[in-house]
2 protein chains.
Amino acid sequence: MTDGSAKIGGKITIKHVAQDAGVSVAAVSKVMRNAYGVSDAMREKVERSIDRLAYRPSTAARGMRGRTFSIGVLLVEMRNPFLPSLMDGAQKVLSEANYRAFMSVGEARAAIEKSLINAMIDLKMDGVILVAPRLSGELLASYAKQIPMVVIGHHEPGATAFDTVNSDDRLGARMATAHLIAGGRENIQMASLPRKNGDFDVYVEREKGYIEAMTEAGLENRVGVWRMREHPDRAGPRLADLLDLDPMPQGVFCWSDIHAVRLLNEAKVRGIDVPNQLAIVGYDNTPAAGLPLIGLSSIEQRGTEIGRLAADTLLSRIGGRATPQHILVEPELVLRSSS
Amino acid sequence: MTDGSAKIGGKITIKHVAQDAGVSVAAVSKVMRNAYGVSDAMREKVERSIDRLAYRPSTAARGMRGRTFSIGVLLVEMRNPFLPSLMDGAQKVLSEANYRAFMSVGEARAAIEKSLINAMIDLKMDGVILVAPRLSGELLASYAKQIPMVVIGHHEPGATAFDTVNSDDRLGARMATAHLIAGGRENIQMASLPRKNGDFDVYVEREKGYIEAMTEAGLENRVGVWRMREHPDRAGPRLADLLDLDPMPQGVFCWSDIHAVRLLNEAKVRGIDVPNQLAIVGYDNTPAAGLPLIGLSSIEQRGTEIGRLAADTLLSRIGGRATPQHILVEPELVLRSSS
DNA sequence: ATGAAAGCGCTAACAC
DNA sequence: GTGTTAGCGCTTTCAT
């Protein structure tokens, strides 16, 4: 039996609070959870003791029975400058609901992603937000049975076990491509990634939008999707090889600013006249795109809004909603000197 | 141990494993923790059951008595491109030691930082890494009594309750400044931040290095530290105002690439000849600095190494080390066209 | 070497 | 409205 003498430096538990307030531990628990059946007098006593003792409930202990008020965010990687705005939006909603977000990085590798999702489940987090996971739809669904889940950057409107929030990537790609076409260009390539993952990735959706726009303009026979290798040290076509094509493309739509910025640099270094000889449009409207020395046209996908919606959706899922929700956020074309 | 090979089912607990293996729960616990006093036969039986049932121990339950094998990383903010390399280094060490890292963002606000550190303590994380926190040294020390802690981007070599790992910011600033001086320049300013926080922040240390280098070159009367406002929407001097000084500086050492890149852009947009009229050196050797269109000279602080050392230090602190450790990592000057 | 049992700090069912 | 108590899934003595 622990006697109630408050040890200096010892951890304050619910028992100490109960004793200090002269009530039962159940009463303290109820007050904390705003549960039914607490008199005002009791509530006040307990809250005073909580303040006086600077009591903070142990999330770990809490997790064994109830909620932890923490949610996990699994990021595909850390280097995409699109992520901070996403987190801004999510954090705002979550902190207002008294939740804390904890992020982990999956490094775009399925094994790591699995182990991290498991870790979040094992920590008894109340829900997870996955950003552009590499896992298959089936696997996601099976995890979603164990923990409320919303997925960003994964187009699977048929999924029922989890929710999704996405930029309308197909529309964004159409806007970008149509803009290049409107400039009088016909030889327009798209820079994309190897098609090695599922069919739900964002760049796949962007390819569809590119092809649609080309087709609508009667340029279906000019469609060209350039799949560059993902890592510089691997084999496969390089991004810069696009500039060696004969004839050189008049326009390139890049699935991501990360690559668009690099392509733009390479082009200017080679003395290519941008946008007259070569126009470039990217995706994400990354900070670098806005630098005057870069001046990259890009699709703004409104990351803050996406993050906000994802958090809202997750909270309602945690709250008990069972019907799936699949949200598309309308993107916007931001024009700069590269096109 | 198990990285979660996607076996989904009802909740498998230690009891199920014990039953399946025909041993006691204590035995299972011991096997998992590599504790002393398990026969090879028993170990094998238990491990087979663990595999067969795809058992994963509940971190939450574990946290009530022992370790959670998860560590918290508190980031000032998410937008500094220096952070990913830091995390790369830390993750590598941590994952090899079977730990998982969970990040949270303090938004450079003390109240948020405090609440997040508390949340990490309440989740029973085994340790925390703080990156450039805004909290005072005393506050950090008081938290360090509750949880093993190492701090990055905080120069307090006298701290005893926690460890620190830093770039040798003073040296880096000296190198940058000396380089500008070596180019024959005398009117060299430093772009820094308002001196509103503690004396432990990195930019304070960088200011010292700048002043030292100027003094050594006999330019102590030319020292000028330009403190720009932190947020664009606040009042106070703007970064770009540096270019309106009369006479315009011949060189600027920026405490961070984030600002250096912006200054470089502004200068080139104004038609200023860089580096002949104005040379610029930044800090962090951010990816943007390396873009040909930018070409910013910068101090590489070797983030991966810092992250690695921080994780190592934290693990040894968790392991019981009580003597404080304060590590400085030697930076490197990377020259490009801006200087 | 092995297992029974006492908690860890909470929540929630059930008494009163 | 309030208290008692039985767990949650582990770790850790302490017997055997």
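Everything quoted here is computed from the prediction, not taken from an experiment. Each chain gets a letter, A, B and so on, in the order its sequence line appears, and its residues count up from 1. Side chains are part of it too, since the values below use all heavy atoms of this structure and drop only hydrogens, waters and symmetry mates.
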Could you list the protein-to-nucleotides 12-16 of chain C atom pairs, N/O on both sides, closer than 3.5 Å?
| from | atom 1 | to | atom 2 | distance (Å) |
| --- | --- | --- | --- | --- |
| dA12(C) | OP2 | Arg33(A) | NH1 | 2.4 |

Between [atom2] on [N] and [atom1] on [X], what's the gap in Å once rounded to a whole number?
| X | N | atom1 | atom2 | answer |
| --- | --- | --- | --- | --- |
| Met64(A) | dG7(C) | CE | P | 16 Å |
| Lys15(A) | dT4(D) | NZ | P | 13 Å |
| Tyr55(B) | dG9(D) | OH | P | 10 Å |
| Arg43(A) | dG1(D) | CZ | P | 11 Å |
| Tyr36(B) | dT12(D) | OH | C1' | 17 Å |

Under 3.5 Å, side chain of Thr164(A) to main-chain N/O of His155(A), donor-acceptor pair present?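 No.
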
Next on the checklist: Check Glu44(B) with Arg48(B), please: is the shortest side-chain N to carboxylate O separation under 4.0 Å?
Outcome noted: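 Glu44(B) and Arg48(B): salt-bridged.
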
| request: Please state whether the rings of Phe102(B) and Phe102(A) are parallel, tilted or perpendicular, taking 30° and 60° as the class boundaries. | output: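 Rings of Phe102(B) and Phe102(A): perpendicular, over 60°.
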
Between Arg317(A) and Thr313(A), is any side-chain donor less than 3.5 angstrom from a side-chain acceptor?
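No, because no side-chain N or O of Arg317(A) sits under 3.5 Å from a partner of the opposite role on Thr313(A).
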
> Nearest of dT11(C), dG9(D), dG9(C) to any side-chain atom of Arg62(A)?
Replying inline: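 Closest nucleotide to the Arg62(A) side chain: dT11(C).
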
query: Hey, can you pull the residues of residues 116-125 of chain B with a non-hydrogen atom under 4.0 angstrom from DNA chain C?
result: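 None - not one residue of the stretch has a heavy atom sitting under 4.0 Å from the strand.
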
